[in-house]
Amino acid sequence: MPINPKILERLKNNDPTLTLLDLSGFNLGPEDARILCDVLQFNTTLISLDLSNNNLGPEGVGMLRDVLPFNTTLASLNLRNTNLGPGGT
């Protein structure tokens with residue numbers, strides 16, 4: 001299930017009412033992670049993001065790892081069961 005475009009727009013516009021986002025079990029993959037990273041890089045309102053139980057894999061989680069230093073407000077990120085494999089990222 002792709003990420004709802006309205007959610008992405010709210011993240012992009014720094015909607016102050018969107019501080020917690022639960023995308024667990026949405027069957028998100030690396031391409032979804034890339035799209036999410038595009039808006040997370042500049043978001044200043046999201047505090048908690050749950051991406052557990054998705055198929056992000058090392059590629060998707062690696063993209064998130066690379067963008068997180070630019071996001072200063074995200075305090076909680078759940079990446080449990082995201083198909084990292086034995087090596088992680």
Side-chain angles (χ1 to χ4, degrees):
M1 171 183 327
I3 303 170
N4 185 321
K6 290 180 183 180
I7 295 294
L8 293 171
E9 189 66 23
R10 289 176 65 195
L11 287 168
K12 183 178 177 184
N13 292 330
N14 290 305
D15 181 341
T17 64
L18 183 56
T19 59
L20 308 173
L21 182 57
D22 184 352
L23 296 174
S24 60
F26 272 54
N27 198 30
L28 302 178
E31 180 60 21
D32 300 298
R34 185 195 60 76
I35 292 167
L36 191 56
C37 285
D38 288 345
V39 294
L40 280 180
Q41 183 172 359
F42 302 106
N43 180 272
T44 58
T45 58
L46 193 65
I47 296 169
S48 178
L49 176 60
D50 186 347
L51 294 172
S52 63
N53 302 307
N54 281 293
N55 195 29
L56 302 177
E59 182 183 358
V61 174
M63 286 184 264
L64 287 163
R65 178 200 59 221
D66 293 342
V67 80
L68 286 178
F70 300 100
N71 182 304
T72 58
T73 55
L74 191 64
S76 174
L77 176 61
N78 186 344
L79 294 173
R80 286 188 189 104
N81 301 319
T82 52
N83 198 24
L84 279 177
T89 185

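Side-chain atoms are counted along with the backbone in the values below, which use heavy atoms only and exclude waters and symmetry mates.
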Visitor: With side-chain contact (heavy atoms from CB on, under 4.5 Å) as the test, would you mind laying out the steps for L56 and N83 before giving the verdict?
Guide: CA-CA 6 Å; L56 302 177; N83 198 24; over 6 Å; no
Visitor: Is there a donor-acceptor pair under 3.5 Å between the side chain of T45 and the backbone N or O of D15?
Guide: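 Pair found, side chain donor or acceptor close to backbone of D15.
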Visitor: Do L23 and V67 belong together in a cluster built from hydrophobic side chains that touch within less than 4.5 Å?
Guide: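 No: no chain of side-chain contacts under 4.5 Å links L23 to V67.
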Visitor: So, the side chain of D50 versus the backbone of S24: is there a donor-acceptor pair under 3.5 Å, distance only?
Guide: no
Visitor: Between OG of S76 and CG of L46, what distance do you get to the nearest 0.5 Å?
Guide: 9.5 Å
Visitor: Within this structure, what is the OG1-CG distance for the pair T19 and L74, rounded to the nearest 0.5 Å?
Guide: 11.0 Å
Visitor: With sequence neighbours left out, write down each residue that passes side chain to side chain contact (heavy atoms under 4.5 Å, CB included) with N13, or none if nothing qualifies.
Guide: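 If we apply the side chain to side chain contact (heavy atoms under 4.5 Å, CB included) test to N13, skipping adjacent residues, the hits are E9.
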Visitor: For the residue pair V61 and R65, establish whether any side-chain heavy-atom pair is separated by less than 4.5 Å.
Guide: no
Visitor: I'd like to know if the side chain of T82 and the backbone of N54 have a donor-acceptor N/O pair within less than 3.5 Å.
Guide: no
Visitor: Are L51 and L8 connected in a single hydrophobic cluster, I mean Ile/Leu/Val/Met/Phe/Trp/Tyr linked by side-chain heavy atoms less than 4.5 Å apart?
Guide: yes
Visitor: Are L79 and M63 in one and the same hydrophobic cluster, where Ile, Leu, Val, Met, Phe, Trp and Tyr link if side-chain heavy atoms are under 4.5 Å apart?
Guide: no
Visitor: For the side chain of D32 and the backbone of G29, is there at least one donor-acceptor N/O pair under 3.5 Å apart?
Guide: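 Answer holds: yes.
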Visitor: Given C37 and L64, is the side-chain contact (heavy atoms from CB on, under 4.5 Å) satisfied, shown in steps?
Guide: CA-CA 6 Å; C37 285; L64 287 163; 3.7 Å; yes
Visitor: What distance do Q41 atom CD and N43 atom CG have between them, rounded to the nearest 0.5 Å?
Guide: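 It comes to 11.0 Å.
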Visitor: Show your working on side-chain contact (heavy atoms from CB on, under 4.5 Å) between L28 and L36 and close with a plain yes or no.
Guide: CA-CA 10 Å; L28 302 178; L36 191 56; 5.5 Å; no
Visitor: Of all the heavy-atom pairs spanning L20 and S48, show the shortest one and how long it is.
Guide: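 So the two residues come closest at CD2-CB, 3.3 Å.
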Visitor: For R80, give me all partners under side-chain hydrogen bond (donor to acceptor under 3.5 Å, both in side chains), at least two apart in sequence or on another chain.
Guide: none
Visitor: Is there a path of hydrophobic side-chain contacts, each under 4.5 Å between heavy atoms of I, L, V, M, F, W or Y residues, that connects L68 with I35?
Guide: yes
Visitor: Among D22, L11, L77, which one satisfies side chain to side chain contact (heavy atoms under 4.5 Å, CB included) with L49?
Guide: L77
Visitor: Could you check whether any side-chain N or O of N71 sits under 3.5 Å from a backbone N or O of L40, counting only pairs where one atom can act as donor and the other as acceptor?
Guide: yes
